[in-house]
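A short worksheet on the structure shown next.
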Amino acid sequence: MTVVLLVLVTFSLLLTLQAGYTLYMMLYTWDQPEAERMAMAPPRFRAPQRSFTVMLPARHEEEVIQTTIERVTESNYPSALLEVMVICSADDIGTIRQAQEKVDQLRRRGVTNVRVVVFDDGPINKPHGLNVALRQARQEVVTIFDAEDDIHPDIFNVVNTVMVEESVNVVQCGVQLMNYQSNWYSTLNVLEYFFWFKSRLHYHARQGATPLGGNTIFFNRQTLERVGGWDEHNLTEDADVGIRLSLLGEKVRVVYDDRYVTREETPPSLSQFVKQRTRWCQGFMQTLAKGDWKRLPTFRQRALAAYTLAFPNVQALLGVYLVASVFLMFTTKTPVPVALVAVLPLYLLVAYLITAIIGLYEFTSAHGLKPSWTTPVLMVITYMPYQWVLSYAAVRAAWRQFRGVNNWEKTRHVGAHRGQPAGAVEQEQAA
């Protein structure tokens with residue numbers, strides 16, 4: 001029992017340190033005014049100079065792909081400087097049909113810069129499709145949007161200006177889930193994105209160890225080709241390519257400006273959410289095991305990368321820790337000093353929750369939304385169940401990784417975030 005209590009105390013102290021560090025990164029841009037200023041989009045746009053290849057990887061996205069294609073082609077950027085590729089596997093007849101139908105409609109309207117790229121080899125997953133399209137890309141800058149994304153009409157102007165003025169080769173723009181009231185876990189899921197893109201990624205970029213997001217990421221094409229494109233066997237090909245670009249010493253410019261975020265939706269069901277989170281956790285585990293991060297030049301960079309990539313392992317252990325804690329609660333008389341130490345992570349969880357509730361009002365204010373009084377109440381009630389779900393997904397990812405299961409579990413998209421078009425918030429605020 002002494003050994004068990006010693007393990008409990010040690011694990012509680014480690015969890016407390018980990019939680020405190022993560023909370024600091026969540027609040028980084030609020031604590032660093034210069035970082036918050038750097039996160040904003042340029043106040044004025046430069047004349048269009050950079051040309052863009054837009055990749056839209058899509059699998060079983062019949063419900064949303066046509067609207068996404070339309071949004072990209074309606075952007076406020078010269079069509080001569082844009083090419084759009086909808087990327088599909090040959091067996092995805094439904095998505096190919098919907099995409100080609102939209103391409104044909106656009107051509108009748110004189111829009112000829114969109115095409116469907118079909119591949120018939122494996123593996124059938126997102127990074128392979130991206131690599132197929134990369135070999136066909138003709139423009140200077142390559143960007144990826146997911147099939148359900150609502151992009152801001154001026155996103156290419158934002159990135160063109162940043163790349164021209166700051167001479168950077170990689171720009172990560174903000175992605176924001178929007179349907180925060182769709183189900184019991186949506187609010188907390190939305191706020192994870194809010195803090196990740198608005199604050200934490202800026203900390204990673206400043207330290208030079210950046211696990212990139214999966215879309216609204218812009219690469220100089222030659223820079224992307226230098227690292228060999230995407231790892232086709234990695235379930236988080238975005239984080240992996242970010243680490244490899246960090247090895248090259250490439251500066252990543254992160255832009256999170258509420259006006260220009262790409263809008264997405266939370267997964268439509270709990271099972272879909274668990275599958276998505278499992279994939280992310282396993283992808284981080286793969287990238288950690290791959291070991292490229294070990295070649296980062298400074299200890300600070302290596303430590304940050306290892307901490308970030310190992311976090312799903314911590315979540316998996318947390319799931320076991322919670323079960324053990326409940327068992328000990330009812331079976332063991334714990335000494336007072338041990339109990340005081342063991343409860344320390346709880347204080348950090350409360351700090352997380354308070355921070356998330358404050359973030360809810362900042363997020364909704366920025367997007368012209370108004371949460372009901374029940375929303376923060378629901379957050380309090382569902383906060384621990386949400387953590388249990390995350391732990392379950394991490395345990396599931398670890399089990400898949402242990403068994404060598406590496407298939408891509410698809411997340412279904414239904415367009416729940418498309419209640420108001422991109423740009424509407426700015427119009428409302430101007431009015």
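- Looking at heavy atoms from C-beta onward, T262 lies out of side-chain contact with H152 at the 4.5 angstrom threshold.
- Listed by chain and residue number, F402 satisfy the ring-ring contact (aromatic ring centres under 6.0 Å, His included) test with W399 (two or more places apart in sequence, or in another chain).
- Among the candidates N169, V141, T143, I144, the single residue satisfying the side-chain contact (heavy atoms from CB on, under 4.5 Å) test with F219 is I144.
- Applying the ring-ring contact (aromatic ring centres under 6.0 Å, His included) test to every pair with at least one member in residues 275-304, sequence neighbours left out, gives no pairs at all.
- Taken to the nearest 0.5 Å, the CZ atom of R396 stands 13.5 Å off from the CZ atom of R277.
- Remark: V9 pairs with L13, V338, V341 by the side-chain contact (heavy atoms from CB on, under 4.5 Å) rule, at least two apart or across chains.
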Show me the side-chain donor-acceptor pairs of residues 378-386 shorter than 3.5 Å, one per line, residues at least two apart or across chains.
{"from": "T382", "atom 1": "OG1", "to": "L378", "atom 2": "O", "distance (Å)": "2.7"}
{"from": "Y386", "atom 1": "OH", "to": "E192", "atom 2": "OE1", "distance (Å)": "2.4"}

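- Counting non-hydrogen atoms of neighbouring residues, nucleotides and ligands closer than 6.0 angstrom, the CZ atom of R206 reaches no more than 12 such neighbours.
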In residues 347-361, what donor-acceptor pairs under 3.5 Å come from side-chain atoms, sequence neighbours left out?
{"from": "Y352", "atom 1": "OH", "to": "A19", "atom 2": "O", "distance (Å)": "3.2"}
{"from": "T355", "atom 1": "OG1", "to": "A351", "atom 2": "O", "distance (Å)": "2.8"}

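- At least one side-chain heavy atom of C173 sits under 4.5 Å from a side-chain heavy atom of I155.
- Listed by chain and number, the residues in a ring-ring contact (aromatic ring centres under 6.0 Å, His included) with W408 amount to none (sequence neighbours excluded).
- Not counting sequence neighbours, the partners of F218 by the ring-ring contact (aromatic ring centres under 6.0 Å, His included) test are F52.
- A search for side chain to side chain donor-acceptor pair (under 3.5 Å) contacts involving Q176 returns Y256, not counting sequence neighbours.
- Applying the salt bridge (charged side-chain N to carboxylate O under 4.0 Å, His left out) rule to K102 yields the partners E70; only residues at least two apart in sequence or on another chain are considered.
- Using cut-offs of 30° and 60° for the angle between ring planes, the F273 and Y185 rings count as parallel.
- Here the closest heavy-atom approach between residue A209 and residue L296 is recorded as CB-CD1, 4.1 Å.
- Applying the side-chain contact (heavy atoms from CB on, under 4.5 Å) rule to S372 yields the partners Q181, T374, T375; only residues at least two apart in sequence or on another chain are considered.
- Among residues two or more places apart in sequence or in another chain, the side chain to side chain donor-acceptor pair (under 3.5 Å) test is passed with T10 by none.
- For F194, there are no ring-ring contact (aromatic ring centres under 6.0 Å, His included) partners two or more places apart in sequence or in a different chain.
- Remark: E225 CD to N131 CG distance equals 10.5 Å, nearest 0.5 Å.
- Taking the six-membered ring for Trp and thresholds of 30 and 60 degrees, Y203 and Y24 have ring planes more than 60 degrees apart, a perpendicular arrangement.
- Side-chain N/O atoms of N160 and N157 include no donor and acceptor closer than 3.5 Å.
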